[in-house]
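Okay, so here's the structure we're looking at.
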Protein chains: 2
Amino acid sequence: MEKEVKKISIAVIKRLPKYHRYLGELIQKDVEKISSRKLSEMMGLTASQIRQDLNNFGGFGQQGYGYNVKDLYREISKILGLHNKYNFVIIGAGNLGQAIANYHGFSEKGFHLKGIFDINPKIIGMKIHEVQVMDIDKLEEFIYTENIDIAVICVPKENAQEVADRLNKTNIKGIWNFAPVDLRVRKDTVLEQVHLSDSLLTLSYKINEKLLQERQEKIRQRRDIPGHPLKSIKT
Amino acid sequence: MEKEVKKISIAVIKRLPKYHRYLGELIQKDVEKISSRKLSEMMGLTASQIRQDLNNFGGFGQQGYGYNVKDLYREISKILGLHNKYNFVIIGAGNLGQAIANYHGFSEKGFHLKGIFDINPKIIGMKIHEVQVMDIDKLEEFIYTENIDIAVICVPKENAQEVADRLNKTNIKGIWNFAPVDLRVRKDTVLEQVHLSDSLLTLSYKINEKLLQERQEKIRQRRDIPGHPLKSIKT
DNA sequence: TAACAATTGACAAAAATTTGACAATTCAGT
DNA sequence: ACTGAATTGTCAAATTTTTGTCAATTGTTA
């Protein structure tokens, strides 16, 4: 009778948006059903992994048939919480804040931009994407009166924690952080960080790694020409 | 004599930029040495993991002392390939492209913005961050003559693959993709994707998960009041 | 209606990742 | 110079994640 709360691993969670994205595309192409094998070929995963992932949440498929695309899309949407509507504010109306404000994909997923805040008097009062930029002094009050669920932090890294501290005193549900610092937040606030420069450094690592490999490859070739081929090296 | 090329796992690679970031902060605070334990407390990892991660690349520490911050920073910079200089272009001068062009952190890490490309005649000719926006027709030629290493894709998802296809015919080393699609690229081109909306959906998942947990918590409490406490449930 | 191909869900095996433990070493204080 | 506390690098154990396999089920075709 005891309902076990199965803990879903973060690895699985991180793949859910990707499933959602691919299923959305299949719907657009009027595809009715999909097998884990075909999906795995499209997405570059194993079929086994897809079936295992989905089974964390329930048996959505049918033996001998596969998965109904629309049904599965709906299920994953629900798992992702996209049946909820979210109100969000952007804090920091610099280039990145403006870029996010102007991104159109969010509202159709149920995320509604309600306000933009900045500290710079020159920017306050401007209109971005139908929303006026407000003085950051008004932040807490606005969150309260407008029922804001999510705050997007786009301020410089020096000010990010101080903004987070202010948010921690409100009843905000989630923080989407773009400042290049790891924020400390209240335990019951959800935090999702986007570290763009970390991503760029990862790219740099991979480029460099490839350069090193190529260099080594050349040395190996030169050595191989006269003699017998070496036994294959694990990559 | 055979030099084994140790394969570094992607999990480790993804943590390197974070080490780099924290060590950079320590340098700014004039901290000379750091132990894996202190670093683990700062970063929210285990000390064991940090030591293990770093040992993939060499023994940078000293028993009984710890790690010299500057040395370790320098080593990790090198591992990340930051001793190289990279020339990059941005393709798509919309809000996001402009935000990236204006971000100051890149050039100090050795990434130099050389050109911005767009298809929109109204934008072509504009100057962003000292760089003129050029017609996308000139892309391939520019990559060749200016020795461009990295292309940043900031075009709408409908055009992203077509841009990637064009890049695949050049000798570009890496692609940093912000369009919400998984690009197909040549095997010898390095790809790093930033899926902002995936990240937002992950946030949505976590918020929703927390809501469900709270709801269940309340039910459990109500049930517990009269009787004996249930045995603890694994979280 | 029977036979066959396709496919899931479940389980077990395999692989990868993280954690724990400890000998060896270093530094600081006396 | 000696002692004790701190700390690394390494190995093995524990845990988590991914992959492979197969019975059971379904839809399709002859």
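Every chain is numbered from 1, with letters handed out A, B, ... down the list of sequences.
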Legend entry - Results of salt bridge (Lys or Arg N to Asp or Glu O under 4.0 Å) for B/Glu209 - residues two or more places apart only: none
Legend entry - Closest to the A/Gln63 side chain, choosing from C/dT7, D/dG27, C/dT25: C/dT7
Inset, instruction - Between D/dT17, C/dC27, C/dT17, spot the one nearest the side chain of B/Gln62, thanks. - result: C/dC27
How long is the line joining [atom1] of [X] and [atom2] of [N], in whole Å?
X	N	atom1	atom2	answer
A/Leu72	C/dT7	CG	C1'	15 Å
A/Asp71	C/dT8	CG	C1'	15 Å
B/Ile13	C/dA16	CD1	P	14 Å
B/Ile10	C/dT18	CD1	P	12 Å

Inset, instruction - Ignoring backbone atoms, establish whether B/Thr46 has a side-chain N or O less than 4.0 Å from OP1 or OP2 of C/dT18. - result: no
Inset, instruction - Look at B/Tyr67 and C/dT26 and indicate whether a side-chain polar atom (N or O) is within less than 4.0 Å of OP1 or OP2. - result: no
Inset, instruction - Please name all residues satisfying side-chain contact (heavy atoms from CB on, under 4.5 Å) with A/Asp71, sequence neighbours left out, ordered by chain then number. - result: A/Asn68, A/Arg74
Inset, instruction - For DNA chain C, determine which residues of residues 29-43 of chain A have any heavy atom closer than 4.0 angstrom to one of its atoms, and list them numerically. - result: A/Ser35, A/Ser36, A/Arg37
Inset, instruction - Pull out every residue in residues 47-60 of chain B that has a heavy atom closer than 4.0 Å to any atom of DNA chain C, ordered by number, or say none. - result: B/Ser48, B/Gln49, B/Arg51, B/Gln52
Inset, instruction - Would you tell me whether B/Asn56 and B/Gln52 have side-chain atoms, one donor and one acceptor, within less than 3.5 Å of each other? - result: no
Inset, instruction - Identify the residue among A/Lys109, A/Arg15, A/Lys14, A/Arg21 that makes a salt bridge (charged side-chain N to carboxylate O under 4.0 Å, His left out) with B/Asp198. - result: A/Arg21
Legend entry - Main-chain N/O of B/Arg166 paired to B/Thr170 side chain as donor or acceptor, under 3.5 Å: no
Inset, instruction - Mind jotting down which residue pairs meet the salt bridge (charged side-chain N to carboxylate O under 4.0 Å, His left out) criterion with at least one end in residues 148-158 of chain A? Sequence neighbours excluded, please. - result: A/Asp149-A/Lys173
Inset, instruction - Kindly indicate, with the supporting measurements, whether the criterion ring pair (Phe, Tyr, Trp, His ring centres under 6.0 Å) is fulfilled by B/Phe106 and B/Trp176. - result: CA-CA 13 Å; B/Phe106 296 148; B/Trp176 201 20; 5.7 Å; yes
Legend entry - ring pair (Phe, Tyr, Trp, His ring centres under 6.0 Å) assessment of A/Phe88 paired with A/His112: CA-CA 6 Å; A/Phe88 74 99; A/His112 300 293; 8.5 Å; no
Output a table of donor-acceptor pairs, distance under 3.5 Å, between side-chain atoms of residues 23-35 of chain A and any protein atom two or more places apart or on a different chain; print 'none' if there are none.
{"from": "A/Ser35", "atom 1": "OG", "to": "A/Lys38", "atom 2": "N", "distance (Å)": "3.2"}

